[in-house]
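Here, residue 1 is the first one in the sequence, and each next residue gets the next number. Note: hydrogens, waters and symmetry copies are ignored here, and every other heavy atom, side chains too, is used. In listed order, ligands and their atoms are each counted from 1.
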Amino acid sequence: MVEPQAVASRYADRRLLWKAAIKWPMYSVAVMPVLLAAGWRIGAVGSLRWTQLFGFLLAAILLLLWENLSNDLFDADTGVDTTGKPHSVVNLTGRRDRVALASLASLGSGLALMAWLAWCSSVLVLALVLLCCGLGYIYQGPPFRLGYRGLGEPLCWLAFGPCATAAALMVLEPQGANVIPWATAWMLGAGPAVATSLVLFCSHFHQVSEDSAHGKRSPVVRLGTARAAALIPWLVALTLALEWLPMCRGDWPLTVLLSGLGLPAGLALIRLMQRCHDQPDRISGSKFLALRFQAWNGLGLALGLALGRL
Ligand SMILES: C/C(=C\COP(=O)(O)OP(=O)(O)O)CCC[C@H](C)CCC[C@H](C)CCCC(C)C
Ligand SMILES: O=C(O)C1=CC(=O)c2ccccc2C1=O
């Protein structure tokens with residue numbers, strides 16, 4: 001007979017695994033481009049299209065859900081998640097078919113919502129979002145799997161930086177713009193997208209041996225954990241430099257200094273990774289510390305831009 005305590009602990013373990021699989025703080029990376037675009041619009045024009053804002057937020061969440069479910073599906077094919085990721089949704093459910101269905105449903109509904117937003121603004125919005133999804137696909141899907149060659153971070157930067165930010169700016173534009181606002185999108189998206197790519201970079205440290213055993217040459221596998229950890233202070237500094245440069249040039253208000261709200265988490269991340277970069281058990285949560293940096297930094301920047309109106 002199975003002991004009630006053993007059953008209870010198995011349920012508790014499963015609950016924790018599901019929590020790790022859902023990883024709700026990760027959705028901060030999906031919502032940031034439109035929150036930044038909203039902060040910028042309030043600062044520049046003083047008005048916002050609220051329905052479009054909420055529509056974009058929901059669609060971006062659905063698309064990131066697709067990216068993560070399909071990541072578990074593709075990683076199940078290469079075997080990279082078999083030992084190191086018990087919280088893969090494929091491992092947890094044992095039902096590849098259902099995960100594939102859920103993944104397609106989130107892609108379909110996310111794109112349908114984006115298509116409606118494009119209908120209300122410009123068809124270019126849909127083109128940009130499809131580009132983001134394409135970047136997400138070549139990161140992990142066959143035959144490309146560029147993430148396995150260490151190219152995930154630049155793809156991540158492009159998708160969550162200029163591309164998603166340009167789409168969000170266009171959706172919030174009342175008249176429906178016909179030109180992609182690349183200059184604003186680069187200026188607004190560049191710094192926060194470095195912070196988003198830092199999340200991905202930090203997610204590789206604790207699984208370096210599984211990745212290397214399965215031929216996944218992540219940047220951390222390529223550089224080694226010590227050299228990779230030495231890059232983190234530079235990435236934190238680059239995030240802030242790209243955000244504060246427009247302020248130094250007089251393009252943005254002094255209130256964008258609020259993006260420094262991410263600094264306590266950024267500094268804690270730098271210290272942790274310098275000390276423990278080669279101890280998987282101690283740094284398995286480092287991507288969530290990087291997420292705290294990304295979230296506070298992005299929210300501070302969005303708020304700083306909006307407050308510039310006052
Ligand atoms: C799925 C991603 C990372 C997980 O990678 P990895 O396989 O190393 O993780 P595990 O070891 O835990 O399995 C993120 C990849 C990001 C990608 C390059 C870009 C995605 C773009 C989104 C689909 C676009 C979202 C919409 C936009 C409008 C906000
Ligand atoms: O599961 C992960 O490690 C990540 C999932 C994800 O969607 C994402 C998006 C953008 C940057 C990093 C990450 C992850 O690390």
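- When only non-hydrogen protein atoms are considered, atom 27 (C) of ligand 1 lies nearest to Ala164 CB, 4.0 Å.
- A donor-acceptor pair under 3.5 Å is formed between the side chain of Arg49 and the backbone N or O of Glu173.
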Salt bridge (Lys or Arg N to Asp or Glu O under 4.0 Å) between Asp211 and Arg217, worked out: CA-CA 7 Å; Asp211 283 352; Arg217 313 254 319 132; over 6 Å; no
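- In terms of protein heavy-atom proximity, atom 12 (O) of ligand 1 is nearest to Lys85 NZ, 3.1 Å.
- Proximity of Asn71 to ligand 1 is established by a heavy-atom distance of less than 4.0 Å.
- When heavy-atom distances to ligand 1 are checked against a 4.0 Å cut-off, Asp72 has no atom that comes that close, whether in backbone or side chain.
- Checked against the 6.0 Å centroid criterion, the rings of Tyr139 and Tyr148 do not qualify as a close aromatic pair.
- Heavy-atom separations between Ala167 and ligand 1 are all 4.0 Å or longer.
- The immediate protein surroundings of ligand 2, defined as residues with any heavy atom under 4.0 Å of it, consist of Lys23, Met26, Val29, Leu64, Asn68, Cys156, Phe160, Thr196, Val199, Leu200, Ser203, Lys287.
- One distance of note links CD of Glu243 with CG of Leu305; it measures 9.0 Å at 0.5 Å rounding.
- Put simply, the side chain of His87 never gets that close to the backbone of Trp18: no donor and acceptor are under 3.5 Å apart.
- Put simply, the side chain of Asn297 never gets that close to the backbone of Leu263: no donor and acceptor are under 3.5 Å apart.
- Ligand-side atoms of ligand 1 in range of Cys156: 18 (C), range being under 4.0 angstrom from any heavy atom.
- Summary of contacts: the protein heavy atom closest to atom 16 (C) of ligand 1 is Glu67 OE2, 4.0 Å.
- Heavy-atom contacts of Gly136 reach the following atoms of ligand 1: 17 (C), 19 (C), 20 (C) (cutoff under 4.0 Å).
- Taking a cutoff of 4.0 Å between a charged side-chain nitrogen and a carboxylate oxygen, Arg96 and Asp77 qualify as a salt bridge.
- Of the possible donor and acceptor atoms, none in the side chain of Arg275 sits under 3.5 Å from a partner among the backbone N and O of Ile270.
- Remark: side-chain polar atoms of Ser103 are not paired, donor with acceptor, to backbone N or O of Val99 under 3.5 angstrom.
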Residues Arg227, Leu231; criterion side chain to side chain contact (heavy atoms under 4.5 Å, CB included); working and verdict: CA-CA 7 Å; Arg227 276 199 291 167; Leu231 281 180; over 6 Å; no
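- Between Lys23 and ligand 1, no N or O atom pair is found at a separation short of 3.5 Å.
- Of the protein's non-hydrogen atoms, the one nearest atom 5 (O) of ligand 1 is Tyr139 OH, 2.8 Å.
- At least one heavy atom of Ala30 sits closer than 4.0 Å to an atom of ligand 1.
- Counting only distance, with no hydrogens or angles, the side chain of Trp157 and the backbone of Ala190 share a donor-acceptor pair below 3.5 Å.
- How far CG of Leu172 is from CD1 of Ile42: 9.0 Å, rounded to the nearest 0.5 Å.
- Which of Lys287, His204, Gln140, Lys216 comes nearest to atom 6 (P) of ligand 1 through a heavy atom is settled by distance: it is Lys216.
- For the pair Thr255 (side chain) and Gly304 (backbone), a donor-acceptor distance under 3.5 Å is present.
- If you check which protein heavy atom lies closest to atom 22 (C) of ligand 1, you get Phe160 CZ, 4.0 Å.
- Protein heavy atom at the shortest distance from atom 3 (C) of ligand 1 is Leu200 CD1, 3.6 Å.
- Taking only nitrogen or oxygen atoms, main chain and side chain alike, Gln207 reaches within less than 3.5 Å of ligand 1.
- When hydrogens are left out, the protein atom nearest atom 24 (C) of ligand 1 is Cys132 CB, 3.9 Å; that is the closest non-hydrogen contact.
- At a 4.0 Å cut-off, at least one heavy atom of Asp75 sits close enough to ligand 1 to count as contact.
- His277 places no side-chain N or O within donor-acceptor distance of the main-chain N or O of Met273, the cut-off being under 3.5 Å.
- Under the 3.5 Å distance criterion, the side-chain polar atoms of Ser70 are matched with a main-chain donor or acceptor of Glu67.
- Of all the heavy atoms of Asp81, the ones lying under 4.0 Å from any atom of ligand 1 belong exclusively to the side chain.
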